[in-house]
Amino acid sequence: MFGDILSDVTAYLVGGLGLLPSGNIGTDHALFEPVHGSAPDIAGRNIANPIAAMRSAAMLLHHAGEPAACGLLEQAVGMTLDAGTKTRDLGGTAGTQEFAGAVLSRLRAIVSRQ
């Protein structure tokens, strides 16, 4: 319980819950998800920040032995933010789909250069 509270409170040091991935890693199984959960109250409204879900996927890739793929995804997310594409909770105007599309475009560009 206190771990959940601490993660919620400290999330605001880096910009909020919408940015934080999480991983629960055991000896036989692992589960990766955004710290904030699935946010069913805003599902289908194109207003969710997908960064935590993307970064959770990056953590999964790293855990699965794909650190290079993890790095590429993290790089694409960072480049998208650096270019000024941000969701509303970060002061931007992009919806969920627009932000995810921008990340995907950058990821494709990074991979094509390799």
Side-chain angles (χ1 to χ4, degrees):
M1 179 176 88
F2 292 113
D4 184 48
I5 293 168
L6 287 174
S7 67
D8 287 357
V9 171
T10 58
Y12 293 96
L13 295 173
V14 296
L17 287 173
L19 302 177
L20 296 181
S22 73
N24 298 298
I25 302 169
T27 55
D28 297 321
H29 305 285
L31 170 76
F32 299 89
E33 64 179 346
V35 168
H36 56 66
S38 62
D41 57 322
I42 59 172
R45 295 175 50 198
N46 198 36
I47 60 171
N49 181 337
I51 293 174
M54 292 174 175
R55 295 191 67 223
S56 294
M59 287 178 69
L60 169 65
L61 288 166
H62 192 274
H63 179 73
E66 297 291 341
C70 168
L72 293 175
L73 180 52
E74 289 280 7
Q75 183 181 358
V77 170
M79 289 172 67
T80 301
L81 291 169
D82 289 346
T85 304
K86 297 177 182 165
T87 52
R88 291 179 201 121
D89 62 312
L90 298 177
T93 59
T96 308
Q97 293 178 2
E98 182 183 355
F99 186 86
V103 171
L104 184 57
S105 292
R106 283 182 178 76
L107 186 56
R108 285 181 176 141
I110 295 167
V111 170
S112 70
R113 288 193 302 253
Q114 292 185 347

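Numbers here simply count residues along the sequence, with the first being 1.
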Show which side-chain atoms of residues 14-33 pair as donor or acceptor with protein atoms under 3.5 Å away, not counting sequence neighbours.
| unit_1 | atom_1 | unit_2 | atom_2 | d |
| --- | --- | --- | --- | --- |
| Ser22 | OG | Glu33 | O | 2.7 |

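- Closest of all the heavy-atom pairs between Phe99 and Thr85 is CE1-O, 3.2 Å.
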Which pairs of donor and acceptor atoms, one on a side chain in residues 60-78, lie under 3.5 Å apart (sequence neighbours left out)?
| unit_1 | atom_1 | unit_2 | atom_2 | d |
| --- | --- | --- | --- | --- |
| Glu74 | OE1 | Arg55 | NE | 3.0 |
| Glu74 | OE2 | Arg55 | NE | 3.3 |

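- Under the 4.5 Å side-chain heavy-atom criterion for ILVMFWY residues, no single connected hydrophobic cluster contains both Met59 and Met54.
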May I have the list of side-chain donor-acceptor pairs in residues 42-53 shorter than 3.5 Å, sequence neighbours left out?
| unit_1 | atom_1 | unit_2 | atom_2 | d |
| --- | --- | --- | --- | --- |
| Arg45 | NH1 | Asp41 | O | 3.4 |
| Asn46 | OD1 | Thr96 | N | 3.0 |
| Asn46 | OD1 | Gln97 | N | 2.8 |
| Asn49 | OD1 | Ile51 | N | 2.9 |
| Asn49 | ND2 | Thr87 | OG1 | 3.2 |
| Asn49 | ND2 | Asp89 | OD1 | 3.4 |
| Asn49 | ND2 | Asp89 | OD2 | 3.1 |

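- To the nearest 0.5 angstrom, Arg106 atom CZ is 9.0 Å from Asp82 atom CG.
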